[in-house]
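Read through the structure below, which is laid out as structure tokens, and then see the notes.
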Amino acid sequence: MAWQRIASLSEIAVDAVLGVDVDGSRVALYRLANEVFATAGICTHAMALLSDGFVEDGNIECPLHQSQFDIRSGKALCAPATEDLRTYAVKLDGDEILIDMEQQAEFTQAIPKPMPDRQAARPVTDTQTISATNSDPELALMKRYVWPTEGLTRIPDWVYTDQTIYEREVEKIFHGRTWNYVALECEVPNPGDFIRSNVGPTPVVVVRAADCSINVFENRCSHRAAEFCRELSGNTKEFVCPYHQWSYDLHGNLAGIPFRRGVNGKGGMPADFNAAQHGLRRLNVTSHRGVVFASYVQDMEPLQDYLGPEVLKEFEATFDGRKPRLLGYYRHTLPGNWKLYHENLKDPYHATLLHTFLVTFGLLVAGNRSLMLADATGRHGVMASAKSERKSISSDAKKEMRAYRDGMTLAEPRFMDFIEEFDSPWSVTMATIWPNLIIQREMNTLGVRQIVPTGPHEFIMKWTMFGFEGDDDEMTRHRLRQGNLMGPAGFLGLEDNEAIKFVQDGMRHVPGRQHLVKLDPAVAAGTSDSLISEASIRAMYRHWRAEMGL
Amino acid sequence: MGKAALTRDHLPDAAALDSRLQALLLHHEIESFNARYAQALDEQRLADWTDMFTEDALYVVLSRENFDRGLPVGLIYCESKRMIHDRAFALMETSMFAPRYLRHIIGNQIVLSAESNGTVKSRANYVVLQVLLDRPDATLHQVGVYYDVFRRVGGTLKLAERRCVYDNLLVPNALCIPV
């Protein structure tokens, strides 16, 4: 809540736009009659200053490519822009215009179409006051998404339980400016090989075409929306929708329409029907070291830039140039919000407290060398630790660990052996790659976990377990044995799933409250070298709020 | 000569009868083994469950997807009784999961082969129902097939191999008790 003066009303003519710099951010300030609005100052399509644009009928038109946005809501109205403008709360104090860069002008996602216009007729004031004092019965139903005043040390329940927030996440995050994991290349080694996958909740097909390119398109026929590909994996020359036999090539182009010209000169498609415009919706695809990502955004930055140097280094420590070899899948549902899974792996605090198995057998204690890394944006993270020898555990650390029991041993301890194979100081790393991937390197058991959200209260997790080409039979079996730690029946995995369910249960049964994430105040949000830290969770929410405009 | 032919026509062949009885007894023995197996798991007597395996037993729970494609990854992957013991021990002593009741129903046992050295190959369908204490319903937690190899140890049938291949690829949250 930081209202600051940025201009006076007399500086802007009616139906005009003014560019201002606020804390280093470009902001476009508009005046429509006696109302004032503010949005991000740069077009979401390309780098163009909206203050050089043109205001008409409550819309701003970008000077560069003529994208238009609704000034009140920031909504992108026409191509080439597809992403909405961020809006900011502004209010008038006499002739002074004040702005709060941390608040949106309005959050109107939940309101039916006509609502923003009606609302815009009101004088602009603090968003909270608008909602609280609303006497309009329709507006009184408007949900409020106000972050707690304590800031990032609190996370409100609606972040995890609200359908509108979930739908906005699909739009802003999974279908937004992100690289989403979709497959390992070794799952589609040959031309025609395909698997079903997802980007957020959206089903997609990942297929290798004859030219060996990997293509990703929506699993939705462009005719009547049928989810045409039903097999989890396979090999094909084309995709044919079973409903009306529309066929698509392995690049997603529409190849054939039965009875396109009708029968006996009657019926059929209009003469001007252009099949080229009715292919499957294709996603942008990239691949690095055998890991395939897709994005709804066509001008995404390269994956390496998206990951940032530190996370890229950890990515390349696991995918070290050897060719991954598919060992199999775990799939499970998890009755919790999808972000809780990221948080669980940005929360090294829980590792020794929940996972008694690790402590009982002296595999991890709070004193182990460790790192909880957050990238510069806060969206990605790497939880890393180095295995210690049992004898080196200090008596202090043992006392801390309620579960530590001297002399308790496994009958088959070799399954916990760590065979050195990576150029890394860490024996365990869990990389959380925003928004849908976890790269698990738990000693020698390796997997990528794909988050498929299905609503605010549940997600599906698909684990693709792999080794490397060149592993001998004994190494493969070692990876499989060590896999007992992981997955929905794993010594660690089942506990994570249960704990996340408990969290969602708590929010559903005692709703409307907030979470406390205060550990490690020395780090406001970001990387910490302590296991007893929630600084990475805070960093993730700093990013999430910016993406969501909340 | 004519008399002997009459006997063969009108009385069951002693050897055939013997082999049918043996098959029946073996079937019964496996069925009662599976009933005891289910009971041990339902009552969460995991040490008793462990004792139903041979020392070198293979116990794997894997999805039908992995099984059909020849992919070896299992939800549980134990290559010896020692690993089965560790699984049982860890679940009882260290694992955190919500309290629950499970009911294992095993049926459709079929003996596929029985060798003279006592090795028996068989299969059976299974269903695991789960009840959480805060929900009224029992949910179908897992449904699948056991592919088994039994061996006799001191005259008693033990599992040398049990591959539990489940059809419902999406495991509901967590598999806490073996199947």
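Values reported hereafter were calculated over all heavy atoms of this structure, with side chains retained and with hydrogens, waters and symmetry mates removed. We name chains A, B, ... by the order of the sequence lines, and we start the count at 1 in each one.
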Study note, to complete from the structure: With chain A, the option among B/L62, B/L75, B/I76 that has the most non-hydrogen atom pairs under 4.5 Å is B/L75
**Study point:** chain B neighbours within residues 328-335 of chain A, where any heavy atom lies under 4.5 Å away
**Key:** A/G328, A/Y329, A/Y330, A/R331, A/H332, A/T333, A/L334, A/P335
Study note, to complete from the structure: Cut-off 4.5 Å, heavy atoms of chain B, and the answer for A/R414 is side chain
Revision key, fill the gap. Closest non-hydrogen atoms of B/S80 and A/E412, given as atom of the first, atom of the second and distance, are OG-OE2, 3.5 Å
Review point. So with a 6.0 Å cut-off around NZ of B/K158, is the heavy-atom count from everything else above 12?
Key: yes
Review point. Step by step, would you call B/E93 with A/T360 a side-chain contact (heavy atoms from CB on, under 4.5 Å)?
Key: CA-CA 9 Å; B/E93 298 293 328; A/T360 301; over 6 Å; no
Check your understanding: Crowded around A/E231 CD? As in, over 12 foreign heavy atoms under 6.0 Å?
Key -> no
Exercise for review: Tell me, yes or no, whether the heavy-atom count around A/R325 atom CZ, taken from other residues, nucleotides or ligands under 6.0 Å, exceeds 12.
Suggested key: yes
Check your understanding: Applying salt bridge (charged side-chain N to carboxylate O under 4.0 Å, His left out), which residue pairs with at least one partner in residues 443-457 of chain A are found, sequence neighbours left out?
Key -> none
Exercise for review: Could you check which of B/H85, B/E65, B/K81 has the highest count of heavy-atom pairs closer than 4.5 Å to chain A?
Suggested key: B/E65
Let me check something: any side-chain donor-acceptor pairs from residues 111-118 of chain B under 3.5 Å, sequence neighbours excluded? List them with distances.
from   : atom 1 : to     : atom 2 : distance (Å)
B/N117 : OD1    : B/T119 : N      : 3.0
B/N117 : OD1    : B/T119 : OG1    : 3.1

Review point. Just wondering, do B/P72 and A/L480 contact through their side chains at under 4.5 Å, heavy atoms?
Key: yes
Point to revise | Side chain / backbone / both / neither for A/L232 at chain B, heavy atoms under 4.5 Å | key: side chain
Exercise for review: Among the options A/E458, A/R481, A/M465, pick out the one with the most heavy-atom pairs lying under 4.5 Å from chain B.
Suggested key: A/R481
Point to revise | B/I84 versus chain A, the contacting section by heavy-atom distance below 4.5 Å | key: neither
Point to revise | Gap separating the CG atom of B/N173 from the CE atom of A/M461, nearest 0.5 angstrom | key: 11.0 Å
Exercise for review: Heavy-atom pairs under 4.5 Å with chain A are the metric here; pick the option from B/N66, B/L175, B/D86 that has the most.
Suggested key: B/D86
Check your understanding: Where is the tightest heavy-atom contact between A/N484 and B/Y77, given as atom of each residue plus distance?
Key -> ND2-O, 2.6 Å
Exercise for review: Check B/R69 against A/S233 and note the closest heavy-atom contact, atom names and distance.
Suggested key: NH1-OG, 3.2 Å
Review point. Among B/V73, B/D134, B/L169, which residue forms the greatest number of heavy-atom pairs with chain A at distances under 4.5 Å?
Key: B/V73
Review point. Does a side-chain heavy-atom distance below 4.5 Å link A/L354 with B/M96?
Key: yes
Check your understanding: In terms of heavy-atom pairs under 4.5 Å with chain A, which of B/C78, B/A90, B/A98 leads?
Key -> B/A98
**Study point:** Heavy-atom contacts under 4.5 Å, residues 494-506 of chain A to chain B
**Key:** A/L494, A/E495, A/N497, A/E498, A/A499, A/K501, A/F502
Check your understanding: Between B/L71 and A/L327, which heavy-atom pair has the shortest distance, and what is it?
Key -> CB-O, 3.4 Å
Point to revise | Six-ring centre of A/F491, B/R87 cation under 6.0 angstrom, axis tolerance 45° | key: yes
Review point. Any chance CZ of B/R103 has more than 12 other-residue heavy atoms, nucleotides or ligands included, within less than 6.0 Å?
Key: no
Revision key, fill the gap. Scored by heavy-atom pairs under 4.5 Å with chain A, the best of B/N168, B/L91, B/V171, B/I177 is B/V171
Point to revise | Over 12 non-hydrogen atoms of neighbours within 6.0 angstrom of CZ in B/R64 | key: no
**Study point:** A/Y341 atom OH, neighbour heavy-atom count above 12 within 6.0 Å
**Key:** yes
